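Working notes for the structure below.
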Amino acid sequence: MKSPNLEKIRNIGIISHIDAGKTTVSERFLYYAGEIHKLGEVHDGLATMDWMDQEQERGITITATSTTCLWKDIRINLIDTPGHIDFTIEVERSLRVLDGALAIFSAVDGVQPQSESVWRQADRYHVPRICLINKMDRIGADYRAVLEQMGQRLNARPVLMQLPDGLENDFAGVIDLLEMRHLSFADADLGATVEVGDIPDDLRAAAVEAREALVEAAADWDDELIADFLEGREVSAKRLVQALRKGVLACELFPVFLGSALRNKGVQPLLDAVGALLPSPLDAPSVKARHPDGDRTVLLDCDPDGPFCALAFKVLSDEGRKLTYLRIYSGSLEAGGVLYNATRDCEERAARLFRMHAHKRERLDFARAGDIVAATGLKQALTGDALTDPDHPLQLEGLTVAEPVVSLAVEPRKVQDRDKLMHSLEKLQWEDPTFRVREDESTGQTVLTGMGELHLDVVLTRLKRDFGVEVNAGQPQVVYRETVTAPVTHREIFERDLENRSHKGEVTLHLKPLPRGEGVRYRWPEHFAAGLPEEIRLALEETLQQATQSGVLAGYPLVDLEIAVKDLPYEAGATSAMGIRAAAQRGMMEAARRAKPTLLEPVMGLEITVPNECSGKVLGGLQQKRGRVEGHAAQGAIDIIKASVPLSEMFGYMTELRSASQGRGTFTMEFSHYDLAPPATLARFGL
Ligand SMILES: Nc1nc2c(ncn2[C@@H]2O[C@H](COP(=O)(O)OP(=O)(O)OP(=O)(O)O)[C@@H](O)[C@H]2O)c(=O)[nH]1
Ligand SMILES: [Mg+2]
């Protein structure tokens, strides 16, 4: 495949709440661009982008899948992301490397909780967006309500680019407000032919009014536009697009399109908009990198002739081999090229390069700045690693990884599978930074930790299918945190002779509780003892950091406390790194024990949608779960209830909600914060 000019490339992601239609839209993109020759539907398990067998069976996207298509002269590199909160890392990693995004909302369900989360993630990475209000064919479709919610819930300024011709079952096409024309999509060839016509008379007045609002939004980005408009001069579609594009790139305007992906309506205008309104790699802001040996910041432009620099944003274990997805920010790379992994301080070889088409690969000899490609042969690289030219090492900002909160103990069904289990879990961990594995020292069990029940269920199914390991799994458990509730000062001295050398270490620590959500704060003495060698200081820092990984009550990580090193005397010839390690470790344990330790439990933010008449029952249920209702509003026949509830009360809630709402209620839940665990929980841990 020939590489097009950089200004013709769009690296974009599709993001939304679960089920809004991301995969259905992606499938149409590929079909109309001629990349695939048959439309596959999600509910038939045939969508190209949902290639994993579990995705096809469950009818949801689990992993972010990247593909590419050529629309007119624009090369669109596309990542379809999952909407379910358990797979939030997939959205995070995609937004970290993409230049633009398409946000989809359901015309019936509006701005749902997960749409809000992905919108905030996109805000965080400053990713320009265009939007689609999908499912205009469904009963109850109300695009105006969605526009309003975009303002209220997302604090965003939507710009309506189209009006619908008909609604619900009668949704027949759209009025294009830029060109002032009617577009419909021929049923005979699955919408592939776009029929262009005049605006029907009964829609003309509304179209003129809606175009005015569009011109007004564009005018903020083109000083003379409003004057021309008021004086009756023609304002061309081209000029409007130029102005709107500026607003989009600044993340201040969000053009909104209308459609029904399933009915094959409204997709091509979106493809056009990707090219016209979203940034090319050249429009994206320069990427900030750091020299590994200091704080010096380097700004990288998207330049194929610059020093090579790429971010590994996804690792897949494909038939046991590692496939590493790279976003190349600067420079070029040939297949077989040697790279420096700045995160792990080692050299690696990108043996082969591929452009990915969902799960199919196309071999490349060469890749360059602006591209998204996959490589084999990188042995060390994990998600978030920076890969650079060995002569120009650079560090890149990694990813924000959400803390997993649900755990599950497993053991292999067959004793002889033990090694295979550990090996397979290691590979699954390569892929997913929100999936963790640890050995519980007290029980000898293998404990898996993930974002939620679904996440862990997917992992267990993969263990069985992809790796042939069957396991017995316990009940899902909450991942607690430990903290301290009283300030304590503790002095610890260690002294021992080993191999004819005396090892001494002394440290005085002061622990202090911090407010919730503060994490761990360290304070070092203003002046370390004179002559204190670097290795002693490092030994102390490392030991204290390790000690916070496993608390004194039940081995959960310690949070929300300050650890101040008050004194660290140094005696040349006697104080050793080993001595300091021993003193710091025992000192931390003793201090934490005396500082009245306690447990914190994860509390989840919940949004529940139920028919009005079922609200009472649902609210009653929440009360029994120590839930706090934070909002309760009616939207027609539906009530939306917002609440925060401890995660430990939420296992199996789906079944409970179904029975309380005759199967009509739905809910989403997302980690909110840690809070003090109740006495009953403490009692379970013998506290
Ligand atoms: N009526 C109607 N249904 C649609 C439309 N678009 C998608 N659907 C259906 O909605 C369901 C979900 O669509 P998907 O494309 O899987 O949604 P998604 O956003 O990819 O979902 P996740 O990947 O699980 O987050 C499927 O059954 C689709 O057929 C539409 O425009 N109208
Ligand atoms: Mg999907």
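Note that ligands are numbered from 1 as they come in the structure, with each ligand's atoms numbered from 1 the same way. If you're wondering where the values come from, they're calculated on a predicted model, not measured in any experiment. Start at 1 with the first residue, then count along the sequence.
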E55/T63 under side chain to side chain contact (heavy atoms under 4.5 Å, CB included): CA gap, chis, key distance, verdict:
CA-CA 8 Å; E55 296 184 309; T63 182; 3.7 Å; yes
Just need the protein heavy atom nearest to atom 18 (P) of ligand 1, so name the residue and atom and give the distance.
K22 N, 3.4 Å
Return a yes/no value for T24: is any of its N or O atoms, backbone included, closer than 3.5 angstrom to an N or O of ligand 1?
yes
Measure across L249 and L278 and return the closest heavy-atom pair with its distance rounded to 0.1 Å.
CD2-C, 4.3 Å
List ligand 1 atoms under 4.0 Å from I60, heavy atoms only on the residue side.
24 (O)
Return the closest protein heavy atom for atom 8 (N) of ligand 1 as residue, atom name and distance.
K135 CE, 3.8 Å
Give the residue, atom name and distance (to 0.1 Å) of the protein heavy atom nearest atom 23 (O) of ligand 1.
T61 OG1, 2.7 Å
Closest heavy-atom pair, C69 versus A33, reported as atoms and distance to 0.1 Å, is CB-CB, 3.7 Å
Does one side chain, of E27 or T48, offer a donor that lies under 3.5 Å from an acceptor on the other?
yes
N/O of A20 under 3.5 Å from N/O of ligand 1, yes or no?
yes
Would you check, one step at a time, whether the test side-chain hydrogen bond (donor to acceptor under 3.5 Å, both in side chains) holds for D109 with H17?
CA-CA 10 Å; D109 305 302; H17 188 87; over 6 Å; no
Taking the minimum heavy-atom distance to atom 3 (N) of ligand 1, which of I104, I18, L262, N134 ranks first?
L262
Tell me whether ligand 1 is touched by E41 - counting only heavy atoms on the residue side and a distance under 4.0 Å.
no
Got an N, O or S from T24 under 2.8 Å of the Mg ion (ligand 2)?
no
D137 versus ligand 1: do any nitrogen or oxygen atoms come within less than 3.5 Å of each other?
yes
Is any side-chain N of the basic residue among E92 and K314 closer than 4.0 Å to the acidic one's carboxylate O?
no
Using a cut-off of strictly less than 2.8 Å, determine whether T23 has an N/O/S atom near the Mg ion (ligand 2).
yes
Can you sort out which atoms of ligand 1 are near S260, meaning under 4.0 Å from one of its heavy atoms?
30 (C), 31 (O), 32 (N)
G59-ligand 1 polar pair, N/O distance under 3.5 Å
no
Any N or O of G83 that comes nearer than 3.5 Å to an N or O of ligand 1?
yes
Mark up the atoms of ligand 1 that fall under 4.0 Å of a heavy atom belonging to T23, in ascending order.
15 (O), 18 (P), 20 (O), 23 (O)
Heavy-atom pair of closest approach, residues L177 and A207
CD2-O, 3.6 Å
Please confirm whether D50 comes within less than 3.5 Å of ligand 1 when only nitrogen or oxygen atoms on both sides are compared.
no
Distance to the ring centre below 6.0 angstrom and angle to the axis at most 45 degrees; does that hold for R361 and F354?
yes
Which heavy atom in T67 sits nearest to a heavy atom in M49, and how many Å separate them?
CG2-CE, 3.3 Å
Report the residue from I15, T81, T88 that forms a side-chain contact (heavy atoms from CB on, under 4.5 Å) with Q121.
T88
Is any N or O atom of G21, backbone or side chain, closer than 3.5 Å to an N or O atom of ligand 1?
yes
Counting heavy atoms only, which of H43, Q114, H84 comes nearest to atom 26 (C) of ligand 1?
H43
By number and element, which atoms of ligand 1 are closer than 4.0 Å to a non-hydrogen atom of V42?
14 (P), 15 (O), 16 (O)
Could you tell me whether R138 approaches ligand 1 through its side chain, its backbone, both or neither, with non-hydrogen atoms closer than 4.0 Å?
side chain
Looking only at heavy atoms, is any part of D19 under 4.0 Å from ligand 1, and if so is it the side chain, the backbone, or both, or is it neither?
both
Could you check V373, I372, T68, L323 and say which one makes a side-chain contact (heavy atoms from CB on, under 4.5 Å) with M356?
L323
For the residue pair W51 and H359, categorise the inter-ring angle as parallel (less than 30°), tilted (30 to 60°) or perpendicular (more than 60°).
parallel
Could you give me the CA-CA distance, side-chain angles and deciding distance for Y125 and V97, then say whether side chain to side chain contact (heavy atoms under 4.5 Å, CB included) is met?
CA-CA 9 Å; Y125 290 114; V97 297; over 6 Å; no
